[in-house]
Student: 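Take a look at the following structure, please.
This structure is a prediction, so every number in the text was calculated from the model and none was measured. Keep in mind that the numbers below use all heavy atoms, side chains included, and drop hydrogens, waters and symmetry copies.
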Amino acid sequence: TYVSPQFQARFGFPINEVMGKSFQDFVHPHDTPKALIKIGELLATNDSPSALMHRIKNKQGDWLWAETKGSLDPHTGEVILIVRDASEKKAQLAQLKLQSNMLEAVTQSVIMFDTDWCVQYWNKGAERLFGWKKEEVMGAILPKGTMTSLSTQEEGMKIMDQLQRGIPWEGEYLVKNKQGNEFTALVSNNVVQDEHGKIIGYIGISTNISQTKKVEEILLRNKQQLELAIDTAKLGIWELTVETGMLEWNDELLKKIGR
């Protein structure tokens, strides 16, 4: 019985083409069942249901995204539908979904916190690395020491303080998983800011480098053992770097050749 000028302007219909028609005449067929359920809830309970995101056809026949919320007129019992253009909101949601899918696809652990250190995002990489499922941690403030070794908790508090001051942090850090097993991770922590530069959260990206650390330790130990054996046997050795053509030798070789 009434169509606002805003609806006419946004969707292009003159009032005579809208008056007397059903809401279903403008809603996408795939969205019609959901719309009817929402209207049914409204009529049955007289309580406004949550807004419905759906497609609606404009004068040119294009399908645009809209957000509709209904209520009942307390005097006449008529259904009042407030329809807002949701094209930009839908595009933003699609972009967020794409970003979420991309974060789920990476192998590293990606965790986001709000400024109160409540977990806001926990990808599959975090589930694999730390052992907790998303539903176990979402919205929670993780107790002190949940993912950090006892020996690094003090350093962790300093890192958190640094982030709260807007200063990123990156480095190797001893962490632990749900089973209590400790391992070394390469961690990159940064702040998340809004368009005005205000800190609205923190993001941490972690990679398990424990195997790399083990290999480094083995190589260092082998190098030290080799150097000890060379010194003990008083061997003269030289080394040629092919890429640069640089020739290096130790003191024992210099003695043997008389230099």
Student: State, yes or no, whether a side-chain contact exists between Val110 and Ile203 at a heavy-atom distance under 4.5 Å.
Tutor: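 Val110 reaches Ile203 side chain to side chain.
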Student: Which residues pass the ring pair (Phe, Tyr, Trp, His ring centres under 6.0 Å) test with His196, not counting sequence neighbours?
Tutor: none
Student: Of all residues at least two apart in sequence or in a different chain, which pass the side-chain hydrogen bond (donor to acceptor under 3.5 Å, both in side chains) check with Gln60?
Tutor: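 Counting only residues at least two positions away or on another chain, Gln60 forms a side-chain hydrogen bond (donor to acceptor under 3.5 Å, both in side chains) with Asn58.
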Student: For residues Glu127 and Lys134, determine if any side-chain heavy atom of one lies less than 4.5 Å from a side-chain heavy atom of the other.
Tutor: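 SC-SC contact between Glu127 and Lys134 confirmed.
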Student: Determine, stepwise, if the pair Asn177 / Phe183 fulfils side chain to side chain contact (heavy atoms under 4.5 Å, CB included).
Tutor: CA-CA 8 Å; Asn177 59 19; Phe183 58 93; 4.1 Å; yes
Student: So, for Pro168 and Gln162, which heavy atoms are closest and what is the spacing to 0.1 Å?
Tutor: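 Heavy-atom minimum between the residues: O-NE2, 2.7 Å.
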Student: If every non-hydrogen atom of Ser206 is compared with every non-hydrogen atom of Val187, which pair is closest and at what distance?
Tutor: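 Here Ser206 and Val187 meet closest at OG-CG2, 3.7 Å.
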Student: Once ring pair (Phe, Tyr, Trp, His ring centres under 6.0 Å) is applied, what residue pairs with a partner in residues 116-138 remain, sequence neighbours excluded?
Tutor: Phe113-Trp117, Trp117-Tyr202
Student: Should the heavy atoms of other residues, nucleotides or ligands under 6.0 Å from CZ of Arg128 be counted, would the total exceed 12?
Tutor: yes
Student: Are the side chains of Glu182 and Val175 in touch, meaning some heavy atoms are under 4.5 Å apart?
Tutor: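 Heavy-atom side-chain distance check fails, nothing below 4.5 Å.
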Student: May I ask whether Met160 and Val191 are part of the same hydrophobic cluster, defined by side-chain heavy atoms of I, L, V, M, F, W, Y residues being less than 4.5 angstrom apart, directly or through others?
Tutor: yes
Student: Gln6: what forms a side chain to side chain contact (heavy atoms under 4.5 Å, CB included) with it, not counting sequence neighbours?
Tutor: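 Here the qualifying residues are Ser4.
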Student: Roughly how far, to the nearest 0.5 Å, is the CG atom of Leu36 from the CD atom of Glu41?
Tutor: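 It comes to 11.5 Å.
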Student: Among residues at least two apart in sequence or on other chains, which ones pass side chain to side chain contact (heavy atoms under 4.5 Å, CB included) with Val18?
Tutor: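 So Val18 forms a side chain to side chain contact (heavy atoms under 4.5 Å, CB included) with Val3, Phe7, Phe13, Phe26.
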Student: Decide yes or no on side chain to side chain contact (heavy atoms under 4.5 Å, CB included) for Ile82 and Thr68, but give the supporting numbers first.
Tutor: CA-CA 6 Å; Ile82 301 175; Thr68 300; over 6 Å; no
Student: Give, for atom CG of Asn190 and atom CD1 of Ile199, the distance between the pair rounded to the nearest 0.5 Å.
Tutor: 9.5 Å
Student: Would you check, one step at a time, whether the test side chain to side chain contact (heavy atoms under 4.5 Å, CB included) holds for Val106 with Lys124?
Tutor: CA-CA 8 Å; Val106 301; Lys124 293 187 184 300; over 6 Å; no
Student: Can you see which heavy atom on Gln193 is nearest to which on Gly197, and at what distance?
Tutor: NE2-O, 3.4 Å
Student: What heavy-atom pair brings Val119 and Val137 nearest, and what distance separates the two atoms?
Tutor: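 Distance-wise, the nearest heavy atoms are CB-O, 3.4 Å.
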Student: In the single-linkage hydrophobic clustering (I, L, V, M, F, W, Y; side-chain heavy atoms under 4.5 Å), do Leu142 and Leu163 co-cluster?
Tutor: yes
Student: Residues two or more places apart in sequence or in another chain: which of them pass side-chain hydrogen bond (donor to acceptor under 3.5 Å, both in side chains) with Asn208?
Tutor: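 With neighbours one apart ignored, the set is Ser210.
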Student: What are the two closest heavy atoms between Ala66 and Ile56, and how far apart are they?
Tutor: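 Between these two residues, the closest heavy atoms are CB-CG2, 3.8 Å.
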Student: Is the shortest heavy-atom distance from the side chain of Thr32 to the side chain of His54 under 4.5 Å?
Tutor: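 They are not in side-chain contact.
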Student: If the condition is side-chain hydrogen bond (donor to acceptor under 3.5 Å, both in side chains), which residues does Asp25 pass it with, not counting sequence neighbours?
Tutor: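 Applying side-chain hydrogen bond (donor to acceptor under 3.5 Å, both in side chains) to Asp25 gives none.
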Student: Just to verify, what does Trp63 make a ring pair (Phe, Tyr, Trp, His ring centres under 6.0 Å) with, not counting sequence neighbours?
Tutor: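 His28.
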Student: Which residues satisfy the side chain to side chain contact (heavy atoms under 4.5 Å, CB included) test with Ser188, sequence neighbours excluded?
Tutor: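 Scan of Ser188 (side chain to side chain contact (heavy atoms under 4.5 Å, CB included), adjacent residues dropped) gives Glu170.
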Student: Could you grab the distance from atom CD1 of Ile200 to atom CE of Met112, nearest 0.5 Å is fine?
Tutor: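 Taking CD1 in Ile200 and CE in Met112, the distance rounds to 10.0 Å.
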Student: Taking side-chain hydrogen bond (donor to acceptor under 3.5 Å, both in side chains) as the definition, give me every residue that meets it alongside Glu136, ordered by chain and number, with sequence neighbours left out.
Tutor: Lys178
Student: Answer yes or no: is there a side-chain heavy-atom contact under 4.5 Å between Glu67 and Leu52?
Tutor: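 No; the side chains remain at least 4.5 Å from each other.
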Student: If you look at every heavy atom in Met53 and Ala86, which pair is closest and at what distance?
Tutor: SD-CB, 3.5 Å
Student: For Ile141, which residues count as a side chain to side chain contact (heavy atoms under 4.5 Å, CB included) partner, sequence neighbours excluded?
Tutor: Cys118
Student: Do Arg10 and Ser87 come within less than 4.5 Å of each other through their side chains, counting heavy atoms only?
Tutor: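 With C-beta onward as the side chain, the pair touches.
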Student: Is it true that Met157 and Tyr173 fall in one hydrophobic cluster, defined by side-chain heavy atoms closer than 4.5 Å?
Tutor: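 Yes; Tyr173 is reachable from Met157 via cluster members.
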Student: Side chain to side chain contact (heavy atoms under 4.5 Å, CB included) between Gln120 and Ile111: does it pass, once the steps are laid out?
Tutor: CA-CA 8 Å; Gln120 299 298 308; Ile111 304 173; over 6 Å; no
Student: Are Phe11 and Met19 co-members of a hydrophobic cluster defined by side-chain heavy atoms under 4.5 Å apart?
Tutor: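 In one cluster with Met19: Phe11, yes.
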Student: Quick one: salt bridge (Lys or Arg N to Asp or Glu O under 4.0 Å) partners of Asp161, sequence neighbours excluded?
Tutor: Arg165
Student: OG/Ser109 to CG/Asn123 distance, rounded to the nearest 0.5 angstrom?
Tutor: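 The CG atom of Asn123 is 6.0 Å from OG of Ser109, to the nearest 0.5 Å.
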